[in-house]
Amino acid sequence: EAGWISHAIQTFQTMPPQRGGEAIPASRLIAVLQGWDTSDSQIAAQIRMANQAGTGGYLIALANIDQSWQPLPMTWK
């Protein structure tokens, strides 16, 4: 149900070294959890997964976070 959390946290340990950077320990991360359009049991599952992943803490976002992205033209001088 909230398995995405452990995967997302793990990417901070695997992706940076693949690109020449240093892994970021889970204990240095604060998980941002989905609190909108979810039940209390779903929120509890997210908190449990964040704790099991070893994060330094969590934040429950009660408002929808716009995660859309589109390229925008930039003008360089």
Do you know which two heavy atoms are closest between [X] and [Y], and how far apart they sit?
X: Thr55; Y: Ala50; answer: OG1-O, 3.0 Å
X: Ala8; Y: Phe12; answer: O-CD1, 3.3 Å
X: Ala23; Y: Pro17; answer: N-CG, 3.9 Å
X: Gly3; Y: Ser6; answer: O-OG, 3.1 Å

Applying a strict under-4.5 Å side-chain criterion to I, L, V, M, F, W and Y, I'd like to know whether [X] and [Y] cluster together.
X: Tyr58; Y: Ile65; value: no
X: Ile24; Y: Met49; value: yes
X: Leu59; Y: Ile5; value: no

> Under a single-linkage rule joining Ile, Leu, Val, Met, Phe, Trp and Tyr whose side-chain heavy atoms are separated by less than 4.5 Å, which residues share a cluster with Met15?
Replying inline: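 Members alongside Met15: none; it stands by itself.
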> Within a reach of under 6.0 Å around CG of Asn64, are more than 12 heavy atoms found that belong to other residues, nucleotides or ligands?
Replying inline: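 It does: Asn64 CG has more than 12 such atoms within range.
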> Got more than 12 heavy atoms from elsewhere within 6.0 Å of CD, Glu22?
Replying inline: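 Counting neighbours around CD of Glu22, 12 or fewer heavy atoms of other residues, nucleotides or ligands fall under 6.0 Å, so no.
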>> So, using side chain to side chain contact (heavy atoms under 4.5 Å, CB included) as the criterion, who are the partners of Ser27 when residues are at least two apart?
In response: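 If we apply the side chain to side chain contact (heavy atoms under 4.5 Å, CB included) test to Ser27, skipping adjacent residues, the hits are Pro25.
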>> According to side chain to side chain contact (heavy atoms under 4.5 Å, CB included), who are the partners of Gln10, at least two apart in sequence or on a separate chain?
In response: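 Applying side chain to side chain contact (heavy atoms under 4.5 Å, CB included) to Gln10 gives Thr14.
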Exercise answer: donor-acceptor pairs, residues 28-35 side-chain atoms, under 3.5 Å, sequence neighbours excluded:
unit_1 : atom_1 : unit_2 : atom_2 : d
Gln34  : NE2    : Trp36  : O      : 3.0

> Sub-3.5 Å donor-acceptor pair from the side chain of Thr38 to the main-chain atoms of Ile43, do we have one?
Replying inline: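 Looks like no, no N/O pair under 3.5 Å.
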> Going by the side-chain hydrogen bond (donor to acceptor under 3.5 Å, both in side chains) test, which pairs reach into residues 66-77, not counting sequence neighbours?
Replying inline: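 Residue pairs with at least one partner in residues 66-77: Asp66-Ser68.
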